[in-house]
Structures are given as C-alpha cells and as structure tokens.
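Only one structure is covered here, and it is reproduced in the block below.
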Amino acid sequence: MTYPAMSADVCQILHKLQITSCVLIGHSMGGKTAMTVALQEPKLVERLVSVDISPAPTVPQTGFPHYIAAMQKVHLEGKIPRSTARRLAEEQLSSTVKEASIRQFLLTNLVQENGTFKWRVNLEVISQHLQDLLDFPEFQEPYPGPALFLGGANSPYISSENYPEIERLFPCANVEYIFGAGHWVHADKTHDFLNSICNFVESA
C-alpha cells in the first residue's frame with residue numbers, strides 16, 4: 001500500500017475504461033495518489049486537484065494512527081442487526097475517536113459478510129504501511145499541467161511551509177482555501193467546494 005502501487009491501480013483502471021486523459025481529483029491520501037499519477041504519467045492527467053493535502057510528508061494531525069488501532073479493537077459477536085452492530089461499534093470507538101462526524105465516517109467501512117460484521121478496509125495493511133502513507137515519493141520532474149491545491153481554511157494540511165514543494169513539483173498550481181472548512185472540505189462546505197472545482201475545470 002504505497003503511492004506508486006495505488007498510482008498503478010489508477011492508471012490501470014483508466015486504461016481499462018479507455019480514458020486517455022482526465023481531470024483527476026483526490027482528497028488526502030487520494031490527493032497524494034492523484035499527484036503521483038500526474039507526476040508519473042502526466043499525459044493521462046489534463047488537470048489535477050489535490051484536496052487538503054500537499055506533496056510534503058504529512059505529520060498526523062488527526063490521530064489517524066489511533067483511529068486505526070481503535071478500529072482493530074472493535075469486537076462484534078454473533079449475528080446481530082446492522083443497526084445494533086453500528087451502535088456497538090460506535091460505542092467502542094467513542095473512547096478514542098471523540099468527534100461524532102469522524103466516527104460516522106469510519107463506520108461507513110463496517111460491512112456484513114456471511115452473517116458477521118467486518119471492516120471493508122484492510123486495517124492490518126494500512127498499519128504496516130502507515131509511514132508510506134504519511135510520506136510522499138521523491139520526484140525530480142514537475143507536472144506541467146494546471147493544478148489546484150484546495151485546502152480547508154481550518155485544516156493544517158496545506159500550509160505556507162508546503163508552498164515551495166508545491167511550486168517545485170507543480171509550477172502551474174494555484175492554492176485556494178475554503179473558509180469554514182476543515183480537512184473534510186467536501187463534507188464541511190459542499191457548495192463552496194463544488195464551485196471551486198467547477199471554476200477550476202472550466203477555466204482556460
């Protein structure tokens with residue numbers, strides 16, 4: 001679970017769908033994946049949008065490693081209704097994951113399979129590759145196309161300290177912030193988020 005591996009997945013699905021060029025948008029880890037695609041295969045990416053993440057190594061600000069550990073500790077016994085499973089899982093997460101909105105987001109990954117509940121995502125692999133996900137691969141050649149780094153004004157993930165690296169790798173990039181939004185920009189300020197995306201995609 002590294003950015004080159006996930007970039008290869010994206011390139012493979014684009015090839016399978018016979019998409020030769022696209023506007024690629026990614027949030028957080030998806031943003032780093034989208035940047036990697038653009039830097040490795042620039043002809044595939046007509047325009048790039050990285051939502052609330054930069055190409056600099058990320059210092060975990062949200063307790064993400066603790067969220068993974070809390071999800072791994074959730075224990076649900078026997079065949080129980082989905083509503084009960086979600087309630088019990090949320091109760092077990094609540095001691096570590098204090099924000100209700102983040103708990104609800106994590107719970108979207110709780111799925112039923114063969115009568116039992118499990119996490120959709122591979123928590124063990126995420127744990128093993130957490131440092132890979134926080135880092136960003138080394139690149140020398142910049143992406144020459146238009147790029148937008150769209151951050152939440154209340155989030156620390158695109159800061160002025162990141163501007164030199166953004167400019168080095170994405171010389172045609174603009175950096176914008178959405179007032180009142182945190183890391184989950186698209187959920188916090190959906191209308192403003194969509195307006196920014198549409199304005200960027202439609203710009204000359």
Side-chain angles (χ1 to χ4, degrees), residues 1-19 22-37 44 49-53 58-137 150 152 154-155 157 181-191 193-194 197:
M1 194 173 186
T2 64
Y3 290 113
M6 290 186 281
S7 170
D9 289 341
V10 175
C11 292
Q12 184 178 33
I13 194 67
L14 289 174
H15 178 73
K16 187 173 182 179
L17 295 172
Q18 299 182 326
I19 296 172
C22 69
V23 177
L24 199 54
I25 303 173
H27 168 256
S28 198
M29 183 174 75
K32 286 192 175 183
T33 303
M35 284 186 265
T36 303
V37 174
L44 281 178
V49 182
S50 179
V51 182
D52 209 54
I53 204 72
T58 304
V59 177
Q61 306 278 352
T62 60
F64 182 71
H66 301 296
Y67 299 166
I68 299 299
M71 291 170 75
Q72 288 176 310
K73 290 178 183 176
V74 168
H75 180 67
L76 301 171
E77 288 205 16
K79 294 185 177 181
I80 53 177
R82 180 172 179 77
S83 58
T84 303
R86 284 181 63 91
R87 178 176 57 78
L88 292 173
E90 181 170 15
E91 287 174 2
Q92 293 177 52
L93 290 172
S94 63
S95 61
T96 300
V97 186
K98 302 299 184 183
E99 293 181 53
S101 60
I102 296 178
R103 289 198 303 272
Q104 291 303 312
F105 171 74
L106 296 178
L107 287 167
T108 63
N109 291 287
L110 188 66
V111 295
Q112 192 170 18
E113 191 174 282
N114 299 323
T116 60
F117 287 89
K118 57 179 284 188
W119 296 110
R120 186 199 323 266
V121 292
N122 191 331
L123 295 174
E124 184 178 347
V125 169
I126 293 174
S127 294
Q128 291 172 357
H129 289 277
L130 194 54
Q131 195 55 53
D132 290 319
L133 301 178
L134 293 173
D135 288 339
F136 190 71
L150 186 59
N154 298 335
S155 169
Y157 286 112
H183 183 55
W184 311 99
V185 187
H186 49 292
D188 292 344
K189 292 289 181 179
T190 304
H191 182 72
F193 171 78
L194 292 173
I197 298 288

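In this chain, numbering begins with 1 at the start of the sequence shown.
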So which atom in [X] and which in [Y] form the shortest heavy-atom distance, rounded to 0.1 Å?
X	Y	result
Ile80	Phe117	O-CE1, 3.3 Å
Ser50	Gly31	OG-CA, 4.0 Å
Gly182	Ser155	C-CB, 3.7 Å
Val111	Arg82	CA-NH1, 4.2 Å
Thr190	Ala187	OG1-O, 3.7 Å
Ser7	Thr36	CB-CG2, 3.7 Å

* To do: Report yes if some heavy atom in the side chain of Val10 is under 4.5 Å from a heavy atom in the side chain of Leu44; otherwise report no.
  => no
* Could you please spell out the steps behind the side-chain contact (heavy atoms from CB on, under 4.5 Å) verdict for Leu93 and Val74? => CA-CA 7 Å; Leu93 290 172; Val74 168; 3.9 Å; yes
* Asked: Can you find a side-chain donor-acceptor pair between Lys32 and Thr58 that sits under 3.5 Å?
  -> yes
* For Glu124 and Gln72, does a side-chain donor sit closer than 3.5 Å to a side-chain acceptor? -> no
Determine yes or no for a side-chain-to-main-chain donor-acceptor pair under 3.5 angstrom, with [X] supplying the side chain and [Y] the backbone.
X	Y	value
Gln92	His75	yes
Arg86	Leu107	yes
Lys189	His186	no
Arg120	Thr108	yes
Ser127	Leu123	yes
Asp52	Gly152	yes

Could you measure the distance from the [atom1] atom of [X] to the [atom2] atom of [Y]? Nearest 0.5 Å is fine.
X	Y	atom1	atom2	answer
Ser83	Leu88	OG	CG	9.5 Å
Ile68	Leu106	CD1	CG	7.5 Å
Met6	His129	CE	NE2	9.5 Å
His183	Ser28	NE2	OG	3.0 Å
Lys118	Gln112	NZ	CD	12.0 Å

* To do: Would you please test Asn154 and Asp188 for side-chain contact (heavy atoms from CB on, under 4.5 Å) and show each step?
  => CA-CA 11 Å; Asn154 298 335; Asp188 292 344; over 6 Å; no
* Do Glu91 and Arg87 meet the salt-bridge criterion of a basic N to acidic O distance under 4.0 Å? -> yes
* Assess whether side-chain contact (heavy atoms from CB on, under 4.5 Å) is satisfied between His27 and Ile53, documenting all intermediate values. => CA-CA 7 Å; His27 168 256; Ile53 204 72; over 6 Å; no
* Could you walk me through whether Trp119 and Leu110 pass the side-chain contact (heavy atoms from CB on, under 4.5 Å) check? -> CA-CA 5 Å; Trp119 296 110; Leu110 188 66; 3.9 Å; yes
